Every structure is written in structure tokens, then in C-alpha cells.
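Data first, discussion second: the structure below is written as C-alpha cells.
Keep in mind the model is a prediction, meaning the values are calculated, not measured. Each chain gets a letter, A, B and so on, in the order its sequence line appears, and its residues count up from 1.
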Amino acid sequence: EAGVAQSPRYKIIEKRQSVAFWCNPISGHATLYWYQQILGQGPKLLIQFQNNGVVDDSQLPKDRFSAERLKGVDSTLKIQPAKLEDSAVYLCASSLVGRGTGDSPLHFGNGTRLTVT
Amino acid sequence: AQKVTQAQTEISVVEKEDVTLDCVYETRDTTYYLFWYKQPPSGELVFLIRRNSFDEQNEISGRYSWNFQKSTSSFNFTITASQVVDSAVYFCALSDLYNAGNMLTFGGGTRLMVKP
């Protein structure tokens, strides 16, 4: 089966600019996640979608970050305006089911490496 | 709050040596899942194993084995006869099963370097 697709692979922007990342989960996967991985650290969850609804966005810096999954399939994550500390790899993951079960492990994409200068 | 600690930030071994990656976790939940993921230089996170808190049986898969000890809140990962292809960053992770589905709390990772 095709994996989780993410684009772009790399992005370099200046601080205060805007940027958007795209994710297409594995076909049929209802749950989609965005994680932020700062260099040398483990990934940190930003937001979880179940179909097109937000399940948890408690760790999303909502003053500058936004995410949507309008049709319950692919998703975009936007940063506006970017700060230096946003430099990280942004990982998208999907799973077949979400709340209430651990029977569907996450499948991760290759990530988008963002550098803010 | 959940927390995962991987005290070893970097380990270097010579090929064919055995190596153990440590993972200690904290959670107030009685039901939870533990995971190990591998992140090779290409960047993707590769799922290795998931264990639930009810099952403390150790598991072996080829050269990989996992030792889950609830009494010490540890879930250690051993690679037997390491190979150069095992070089990667390994992450231990924890999920609150019933409230958060597969939302994972990751440790900081252990970078394993296997030299020929």
C-alpha cells in the first residue's frame, strides 16, 4: 500500500513569512496527526484529526499555526508568521482508527524539514 | 501527565555486538500502550513494536527483543548481533489508550551508531 505522502520535502523561509505543508494519509485511514520534531528531540503532537474533525489541538500554537482537513482525507498545516524556533521537521501520520484503541499503529510520512532564517 | 525518558542520547557499538536501549516511562493511567520506533537517516519513523500494559511477556522478533517491566516502568529494547543497517535514532513512546487513541508521547530518542 502507498504510504503517507508529504510535501514539500524541504522548505527554507525567512522569519515572518508564511508556509504551508501538505499531507495525504494512507487510503482509508480515518485519523491524521501532525507532529513537530525539533532537531535532537522526539516528535511532539501538534494536532489530531478524526475524519474532518479536530480531536485534540491543545499543543498547537494557535496564534500562528493552523491546520485543516476539510474533506476528511488530505490535510494542510500552515504557519503564519514563522519564527526562528519553528525550524523543525513536521511529520504527518495516519492510522486506521483513533480514539479508544491501540490496535492501529501510526504510519508516518517522511516529513517536511523547515528552516526559518 | 505522561513522560518518556531515554537516558542514553547516543550509543556506539561495533558490528555484531549486542546493544540495549533503555526506556523509562511515567503515567498515571492504568491502561496504556508502549511503542518503539526507528528513525533512519532518511527521516521516516518506522514502527517496530507495540505492547499493552496488560501484557508483560517479553517479545522476540529476529534480532530484536523487548523487556517490559511494569514494576520499574521500563520497556527496554535489545538488538542482538547488531548490524550497520541498525544505525538510526530509536524512539520509545507511550500512548494513553482510552482517552487519546494513538496520540503518542515520545522520548528524546537514542542515536545508535553501529560501526563495521
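Sparse packing is recorded around CD of A:Gln80, with 12 or fewer heavy atoms of other residues, nucleotides or ligands lying under 6.0 Å away. The local environment of CD1 in B:Ile60 is sparse, with at most 12 non-hydrogen atoms from other residues, nucleotides or ligands closer than 6.0 Å. Counting non-hydrogen atoms of neighbouring residues, nucleotides and ligands closer than 6.0 angstrom, the NZ atom of A:Lys71 reaches no more than 12 such neighbours. Heavy atoms of other residues, nucleotides or ligands lying less than 6.0 angstrom from NZ of A:Lys11 number 12 at most. Atom NZ of B:Lys115 has 12 or fewer heavy atoms from other residues, nucleotides or ligands within 6.0 Å.
If you measure heavy-atom distances from A:Gln37 to chain B, the contacts under 4.5 Å come from the side chain alone. B:Gln6 does not touch chain A: none of its heavy atoms, backbone or side chain, sits under 4.5 Å away.
Here B:Phe35 contributes atom CZ and A:Leu106 contributes atom CG; the two are 6.5 Å apart, rounded to the nearest 0.5 Å.
When side chains are defined from C-beta on, B:Leu104 does not count as touching A:Tyr33, because their heavy atoms never get closer than 4.5 Å. Put simply, the side chain of B:Phe91 reaches to within 4.5 Å of the side chain of A:Pro43, judged on heavy atoms.
The candidate with the highest count of non-hydrogen atom pairs below 4.5 Å against chain B, out of A:Gly40, A:Gly109, A:Gly42, is A:Gly42.
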